[in-house]
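To keep things clear, I will list the structure first and then write my remarks on it.
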Amino acid sequence: MELIEHLALGFSAAASAQNLLSCFIGSVLGTLIGVLPGIGPVATIAMLLPLTYGMPPLSALIMLAGIYYGAQYGGSTTSIMLNLPGEASSAITCLDGHPLARRGRAGAALTVAALGSFFAGCVGTLFLAAFAAPLTTFALDFGPAEYCSLMIFGLAGAIVLASKSLLKACAMVVLGLLLGLVGTDVNSGAVRFTFGIRELNDGIGTAVLAVGVFGFAEILLGLERLHEHSTLTARCGRLGLSRDELRQATPAVLRGTGLGTLLGLLPGAGALMPAFAAYALEKWCARDPGRFGRGAIEGVAAPESANNAAAQTAFIPLLTLGIPSNAIMALMIGAMTLHDIQPGPQVISHDPTLFWGLVASMWIGNAMLVLLNLPLVGLWIRLLTTPYRWLFPAILLFCCIGIYTLSHSTVDLLLTAFFGLLGYLLQKFDCEPAPLLLGFILGPLFEEHLRRTLLLSRGDPSVFLSRPLSLVLLLAAAALLCTALTPSARRIRAQALTAEQDDAIADPAR
Amino acid sequence: MKRYLAWLLLCGLLALHSALAGEYPEKPVTLVVMLPAGGPTDAAARVLADALSSALGQPFVVENRPGADGVIGVRAVLDAPADGYTLLFGIGSLVAVPMLQTPAPFDLQRDFTPVAAIGSYPFGLFVHPSVPANSVAELIAYAKSREEPLFYASSTPGETLATAEFMQATGVRMSRVPYKGFAQALPDLLAGRVQLAFGPVSAALAHVQDGKLRLLATLTPTRLPALPTVPTLEEAGVRGASVPSWQAIFAPAQTPAPIVERLSRAVAAALQTDAVRTRLGRLLLQIEMTPPAALTERISREHSRWQHFIEETGTGRP
């Protein structure tokens, strides 16, 4: 079979000593920068780029790709342990990962994240190997109208995501949309809501908002608890998964992988979309959605798998069309051209060793990552027993370094502090930060695609309904909202919420 | 406290010592890039920084300060001391940016002294194959025969300027669809939702070779060596449309002249080396070392071109 031949070619190329080494270095570096909040793969890859000049192209790309998907692994660790998204894309993992850690199930959450990521990474890689060429047209069929409908679907999902009051979730989404408006309007070039602060001309950074409302706010909340407990949790619990958890997590991993694989193909959907969609899907099809947000293992398994599957399939538009889906992919293009490779449809036919070698290295890299991360679980868990007086200053320091390196701007640091305070106040009013972040990320994408659709249709809004994919997405969004608003669903929600309150009383660790 | 003061004094003396003695550069030099990491400008800056590091014996560190059409990076350089240790890696749009913002955030001619231009990225006129035109003349005829205007993608002020000049020169009317960058416009261009774009040749060359896009002309003074069959826009009969896409190093205006000269010489020497030429060549950068005086003249020429154009058309004003 052709595919097996290709993969054999790829593995023989990727298994050379030098390539194995660069794969290892890339994965380890990626994990490290993923763990450090704020310091993202973009800065790391940009700094390492000159070091790869002397390497053969395949080794260079293998290392850079390793940093990228390694960061996806590492990012989940701080989300789970400290409620601090190492990467913006792992913000969703905070929602259930951190409650799990507080309940003493951090080991289970980390294990599920690592295993789910590994599985998803393998499936994503296989998918990339088998369908890279035919799937390019799918990415192209997805035009502005479809993206726009996808964003509407996402915004509807953001409301469903809420585990507390629906009204407050709506308010948070709208606040997120408003924050997303800050910056330069792409169409007219006018700046909006920047109050004369030049650093805001390109909008508020995603990492700034995410680290602020999740990380800093969590520290402020922790300070309140300081006189009761001096560490996050006294219990570390068993490392492995219980049989029940395994039973709950497996289907979630499968669904997350499927969804992430598909969404990774769309270069315009944004980094958060796969994880978030997978989380919303889990919550939507769960028998008791009330468990979500309080430490449901599916709430970690699904988004983590989706993240990693998407990280692999995002290479399809990159390698076959030369279209980057995010800043990291744009850097990969830069790296390729420096090594005299023109990303595009010819890469597979002209340079099969490179293409298949890179694909094979992703599988090897994923295997390395899981071997690397599982033993580390035991070490990470110890973080939870670190006294607050050490933990908090250390977190703040790393966050500040990370945020500063993003754009070398002190304004970003002040903004992060501001959002930390805002996040704290919102938590006090029982408003959740997740819908805020989603509104913030999806809003600008929605606006951009909406206006582009209407420009291209010369002002005719019926395109949203006449294009089948767009229509399906809009119907799905409507269905999602209906289920959230119908009386029966509301009753179940209410029951779940009371159960949660009972639980909270019974569980003093919360 | 005494001890602290002693340390402070020692540090101060050391700093003074290094400031007086020796030759530039004595410590790492920051090269501020006004665009995000990963793009062609960033790549060129890193190639050059690498070469300058080995030539001058001190690391040249690339720092990406993107945002606000480059103003953030420019301000960062202007806020730093004018001692040659903070330099700007600038691009052609810097001439126009101050004209598009009020109050003007800087004045390129007044605030900076050019060190050297290293070359420029060639731009081209791309059309989707669904457009029945194999030459610029056919495109103009087709666009005029249509009832509805064609769509063109544009992301930078330079691309918008080139398209507007093209429309002015040919009398064709087209509708603009704005994008954040050329890479973001590619999917719509490849799918034919947007029919044409003026864009960097390097970003879409692979699709041209694959038949997914047609390159009708390049916006360069002469034909590209890599694409000898593609005419320049001027050869195709359209005059006066070009994207200012030079890449150049600037120092703040008060930088001591010997330092600027030394840098300028080092850049010129680096551009002669094979390693730098191959790397920049792979990025499809048209290497053209422009000494400071010539660059100053070029900037003032482009300045009046932009000013004239913006006043006439009101382009880019919110």
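What you see below is based on every heavy atom in this structure, not just the backbone, and it leaves out hydrogens, waters and symmetry mates. In what follows, every chain begins at residue 1, and chains take the letters A, B, ... in the order their sequences are listed.
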Original post:
Can you find a pair of side-chain heavy atoms, one from B:Arg176 and one from A:Leu455, that are under 4.5 Å apart?
Top reply: no
ask   = Would you say B:Lys180 and A:Glu448 make side-chain contact, with heavy atoms under 4.5 Å?
value = yes
Assert top hit (heavy-atom pairs under 4.5 Å, partner chain A, pool B:Val47, B:Val62, B:Val194) equals B:Val47
Given B:Lys212, B:Gln209, B:Gln184, the one with more heavy-atom pairs under 4.5 angstrom with chain A than any other is B:Gln209
So, the part of B:Asp210 with a heavy atom under 4.5 Å from chain A: the answer is both
Under 4.5 Å to a heavy atom of chain A? For B:Ser202 that would be backbone
Requested in this report: Take atom CZ of A:Arg458 as the centre, draw a 6.0 Å sphere, and report whether it contains more than 12 heavy atoms from other residues, nucleotides or ligands.
Outcome: yes
ask   = Got a sec: does the CG of B:Asp274 have more than 12 other heavy atoms crowding it under 6.0 Å?
value = no
Here the gap from A:Leu140 atom CG to B:Asp188 atom CG, rounded to the nearest 0.5 Å, amounts to 9.0 Å
Honestly, the part of A:Asp141 sitting under 4.5 Å from a heavy atom of chain B is backbone
| query | Distance-only, no hydrogens or angles: does the A:Arg452 side chain make a donor-acceptor pair with backbone N or O of B:Val177 under 3.5 Å? | reply | no
